[in-house]
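Structure first, commentary second.
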Amino acid sequence: MVAVPQPATDRAPTKDKGRRSLLISTAGGWLLALVWMVALTPDIFSSLSASGNDDAMRLVQVRDLLQGQDWFDLTQHRLGPGEGTPMHWSRLVDAPIAGLILALTPLVGGAKAEAVTATLWPLLLVLPLVLFVAATARALGGRGGDIVGSILAAALAFTSFKFAPGALDHHNVQLVLLAMTLAGVVLSRERPR
C-alpha cells in the first residue's frame with residue numbers, strides 16, 4: 001500500500017489552531033499578571049513609587065531627555081562631584097518610556113503621566129515576556145505547553161518585582177530579550193528563517 005501525502009490545506013487548520021491557542025494562553029497569562037498586580041497594589045496609578053535606586057535613576061535620565069538633554073549625552077549631573085557621572089545605560093530603554101510620558105501628559109498632566117507610565121511600562125513588557133515563554137514552552141512541551149508557560153511567565157513577572165509598578169530599570173527589558181532569544185533558538189529548529 002502506498003502512502004498518499006496529505007495536501008497542505010489539511011495541515012493549515014492545525015497550525016492556525018496552534019497559533020490561536022498560543023494567543024489565547026498569552027492573553028490569559030497577561031491578564032493573570034494584571035490581576036496579580038492590581039491585587040498586590042490596589043492604588044497603582046495614584047503615585048510614582050520606584051522600586052529601587054536604578055528605577056529612580058532611569059526616571060531622572062528620562063526626565064533629562066524630555067527636558068532637552070542630547071540623545072548621546074548620558075551624563076548625570078546630579079550624580080557625582082564636579083562634571084557628573086557618565087551613565088552606561090542605553091537611550092533605547094529611555095525612548096519608549098519618554099514616549100509614553102509625552103503621550104499621556106496632555107491627558108492627565110505631567111506628574112500623573114509619569115506615575116501612569118511607571119505602571120504601564122512594566123505591564124506592557126509582560127505581554128512579550130509571556131508570549132515568548134509560551135511559544136518556547138509550546139515548542140518544547142507540545143500541546144498545552146503554552147498554557148503552562150504563560151502561567152509560569154505571569155508568576156515570574158510579579159514575583160521577581162522586575163515588572164512591578166515603578167520598575168523602570170532595564171532589567172525587565174533584558175528579561176524580555178532573553179525570553180525572545182530563547183524562543184528564537186528553540187523555534188529555529190522547526191523554522192530556521
Side-chain angles (χ1 to χ4, degrees), residues 26-27 29-135 153-154 156-184:
T26 298
W30 186 73
L31 287 172
L32 178 63
L34 174 64
V35 167
W36 280 345
M37 183 179 73
V38 170
L40 293 175
T41 317
D43 204 15
I44 56 176
F45 291 109
S46 68
S47 66
L48 177 63
S49 59
S51 53
N53 293 336
D54 287 350
D55 301 313
M57 185 53 68
R58 174 67 67 189
L59 183 58
V60 168
Q61 188 165 302
V62 169
R63 284 177 180 165
D64 288 347
L65 178 65
L66 290 173
Q67 292 172 0
Q69 187 176 20
D70 186 60
W71 178 269
F72 297 103
D73 179 14
L74 295 174
T75 303
Q76 283 306 313
H77 298 284
R78 295 171 199 82
L79 186 64
E83 301 293 318
T85 301
M87 296 296 290
H88 62 279
W89 292 349
S90 171
R91 288 277 194 208
L92 296 176
V93 178
D94 295 344
I97 297 170
L100 277 171
I101 291 171
L102 285 175
L104 292 169
T105 296
L107 302 173
V108 296
K112 189 74 167 176
E114 286 183 358
V116 172
T117 297
T119 301
L120 284 180
W121 174 245
L123 182 61
L124 290 173
L125 289 173
V126 171
L127 192 57
L129 176 77
V130 172
L131 175 67
F132 293 133
V133 171
L156 165 74
F158 289 102
T159 57
S160 71
F161 299 107
K162 297 300 180 193
F163 296 87
L168 296 174
D169 190 15
H170 53 271
H171 295 128
N172 47 19
V173 175
Q174 289 174 326
L175 286 169
V176 170
L177 292 173
L178 176 65
M180 181 181 74
T181 302
L182 182 61

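For the atom pair CG of D169 and CZ of R58, the computed distance is 6.0 Å after rounding to the nearest 0.5 Å. Within the model, atoms CG of L65 and CG of L74 stand 9.5 Å from one another, a figure rounded to the nearest 0.5 Å. Annotation: the span from L59 atom CG to D64 atom CG amounts to 9.5 Å, rounded to 0.5 Å. Distance check, rounded to the nearest 0.5 Å: CD of E114 to OG1 of T119 gives 12.0 Å. Atom NE2 in H170 sits 10.0 Å away from atom CG in D55 (nearest 0.5 Å).
The shortest heavy-atom contact between A153 and L129 is O-CD2, 3.9 Å. For the residue pair A167 and P122, the shortest heavy atom distance occurs at O-CG, 3.5 Å. Annotation for Q61 and R91: closest pair O-NH1, 3.2 Å, computed over non-hydrogen atoms. Nearest heavy atom pair, residue H77 against residue E83, reads ND1-O, 3.4 Å.
Contact check for F132 versus L177: no side-chain heavy atoms found under the 4.5 Å cut-off. Between L125 and K162, every side-chain heavy-atom pair lies at or beyond the 4.5 Å cut-off. Using a 4.5 Å cut-off on side-chain heavy atoms (C-beta onward), V60 and L79 make no contact.
Results of the side-chain contact (heavy atoms from CB on, under 4.5 Å) test with L66 over L102, I97, D94 single out L102 as the only residue that passes.
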- Full working for side-chain contact (heavy atoms from CB on, under 4.5 Å) between V173 and L92: CA-CA 10 Å; V173 175; L92 296 176; over 6 Å; no
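By the side chain to side chain contact (heavy atoms under 4.5 Å, CB included) test, A113 pairs with I101, L104, T105, V108, sequence neighbours left out.
Counting only distance, with no hydrogens or angles, the side chain of Q69 and the backbone of T75 share a donor-acceptor pair below 3.5 Å.
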